[in-house]
Amino acid sequence: MSREKNPVDRDREARQAHGSPSPSSPRPPRSPPPLSASRPASPEEAAAKKLAREQRDAQVRGVTSIQAMREAIKRAGCALPAISEVPRVGKLDAAAFRERAAAGLPFLIPGLVKRWPLSALTPQTLRERYSHLPVRARVGDYINTAFAPDRAMRDMTMLEYLELVSAGTHDLPPYLGNLELRELNSLCHWPAYLGKMGPPRFWLGPAGTVTPLHCDYDDNIFAQVWGTKRIFLSPPHHEEFLYTSEANAILFGSPFDPEAPDFDKFPLARQATMIECVVHPGDLLYVPAGWWHQVRALTFSLSANRWARAMPFALHGDPALRRPA
């Protein structure tokens, strides 16, 4: 569940920061921004964009700096109890959810998403009602380029994507990942667990699609709408064993594959705890900020998630990290 901020997000955050109203009238589907739009022209431009983004991200989350927040999450991770499985819990209201989330451990709420109208959708429904939607598919070797600016992607319509999947000619199945599909938003009934949240993101693809090992430094609620996925999770402070690299200030990746571990190439990874979790239709998984995770679809799946835009629950509103008003 990795993400890159696109111009749509930046436009929305700027509009909210200046108090401008969101358009109320229906809008036609918006195509993804050009693939070249986020590629800086020079190292100096890249450095300036990186600094500006980190400052903006810190302001949105109400923290002094993203780096300080990351380090605090890893320190908090050192005090976490060891777990061997992700617990499944009963229905929680917002207060109970936040109290449990403050412990800094992942947990799963089964059945919650089954009540969403989106759960009634099928691949055939996507063909019939949403074939026209512009989408950006991950194609080719999108695993080894997952955190690179030139990730293997191709723009197409939803129908073209479904036809590409049906053809079955790719070793690694094409994947629609981290897409903002506004036409599906009204079919989701997100609980108000996170308070301040980013827009819903959708993940669609057949068995075999993979999001490689990474961590996001935002709290995350992940809804498995239909299909089944296997997720490996590792605590924040085990980053030191995972040969990590920075994609941006709130997204880090790892070349280690917990499904096919190569300990000759990555010997330190033997010390990393990996917790396997299978999510089924209707499950809602809470992934705390900083937890490493890798996601594989075991069947044709539709998932959605939202990231928090606030200080992570596990930091308990640490005054030292709180940005002055």
Side-chain angles (χ1 to χ4, degrees), residues 1-2 72-74 76-120 187-198 200-203 211 213-238 258 272-299 301-318:
M1 293 170 284
S2 64
I73 289 171
K74 286 184 281 188
C78 295
L80 293 175
I83 60 172
S84 58
E85 62 181 12
V86 175
R88 302 173 75 87
V89 304
K91 183 179 178 181
L92 301 174
D93 61 20
F97 178 94
R98 293 171 188 178
E99 181 180 359
R100 184 165 191 122
L105 297 170
F107 57 89
L108 190 150
I109 307 174
L112 184 65
V113 182
K114 285 186 176 180
R115 296 192 291 268
W116 293 9
L118 188 61
S119 293
L187 303 177
C188 303
H189 295 164
W190 293 97
Y193 288 153
L194 300 185
K196 188 178 180 183
M197 293 186 285
R201 297 289 180 163
F202 295 91
W203 310 75
T211 302
L213 191 64
H214 68 283
C215 82
D216 311 282
Y217 279 95
D218 284 321
D219 289 326
N220 179 12
I221 49 176
F222 177 86
Q224 186 64 11
V225 181
W226 37 261
T228 304
K229 287 184 171 177
R230 180 171 61 230
I231 302 176
F232 284 88
L233 296 137
S234 187
H237 59 299
H238 285 197
T273 296
M274 289 289 164
I275 304 158
E276 183 176 349
C277 172
V278 176
V279 291
H280 299 279
D283 287 347
L284 186 80
L285 175 67
Y286 170 63
V287 182
W291 274 73
W292 292 81
H293 50 290
Q294 176 162 304
V295 184
R296 175 182 292 272
L298 303 179
T299 66
S301 293
L302 174 63
S303 313
N305 84 292
R306 298 186 78 171
W307 284 286
R309 294 291 185 267
M311 189 186 299
F313 290 125
L315 298 182
H316 305 281
D318 186 349

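All of these numbers come straight from a predicted model, not from anything done at the bench.
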Does the side chain to side chain contact (heavy atoms under 4.5 Å, CB included) test come out yes or no for Gln224 and Leu285, once each step is laid out? CA-CA 8 Å; Gln224 186 64 11; Leu285 175 67; over 6 Å; no
If every non-hydrogen atom of [X] is compared with every non-hydrogen atom of [Y], which pair is closest and at what distance?
X: Ala223; Y: Val113; value: CB-CG2, 3.7 Å
X: Arg306; Y: Gly198; value: NE-O, 2.8 Å
X: Ser303; Y: Lys229; value: OG-NZ, 3.0 Å
X: Leu80; Y: Pro236; value: CD1-CD, 4.3 Å
X: Leu233; Y: Cys277; value: CD1-CB, 4.2 Å
X: Leu315; Y: Ala76; value: CD2-CB, 4.4 Å

Decide yes or no for [X] and [Y]: does some side-chain heavy atom of the first lie under 4.5 Å from some side-chain heavy atom of the second?
X: Pro191; Y: Leu284; answer: yes
X: Cys215; Y: Trp291; answer: no
X: His189; Y: Pro117; answer: yes
X: Asp219; Y: Tyr193; answer: no
X: Pro81; Y: Leu105; answer: yes
X: Pro200; Y: Phe202; answer: yes
X: Phe232; Y: Trp292; answer: no
X: Arg100; Y: Phe107; answer: yes

How many angstroms lie between atom [atom1] of [X] and atom [atom2] of [Y], to the nearest 0.5 angstrom?
X: Lys114; Y: Asp283; atom1: NZ; atom2: CG; result: 8.0 Å
X: Ile109; Y: Leu92; atom1: CD1; atom2: CG; result: 4.5 Å
X: Phe222; Y: Ile231; atom1: CZ; atom2: CD1; result: 4.5 Å
X: His237; Y: Thr273; atom1: NE2; atom2: OG1; result: 7.0 Å
X: Ile73; Y: Met311; atom1: CD1; atom2: CE; result: 10.0 Å
X: Arg296; Y: Arg230; atom1: CZ; atom2: CZ; result: 6.5 Å

In this structure, are over 12 heavy atoms from other groups packed under 6.0 Å from Lys74 atom NZ?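 Yes, the 6.0 Å shell around NZ holds more than 12 heavy atoms from other groups.
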Around atom CD of Glu99, are there more than 12 heavy atoms from other residues, nucleotides or ligands closer than 6.0 Å?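 Not buried by this count: 12 neighbours or fewer within 6.0 Å.
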Side chain to side chain contact (heavy atoms under 4.5 Å, CB included) evaluation trace for Tyr286 with Val89: CA-CA 11 Å; Tyr286 170 63; Val89 304; over 6 Å; no
Does the [X] side chain pair with the main chain of [Y], one donor and one acceptor, at a distance under 3.5 Å?
X: Asp216; Y: Asp218; answer: no
X: Thr299; Y: Thr228; answer: yes
X: His214; Y: His293; answer: yes

Are Trp307 and Leu194 close enough, and set up right, to give a side chain to side chain contact (heavy atoms under 4.5 Å, CB included), and what steps lead you there? CA-CA 8 Å; Trp307 284 286; Leu194 300 185; over 6 Å; no
Just do the side chain to side chain contact (heavy atoms under 4.5 Å, CB included) check on Thr211 and Trp203 with the steps written out, would you? CA-CA 10 Å; Thr211 302; Trp203 310 75; 3.9 Å; yes
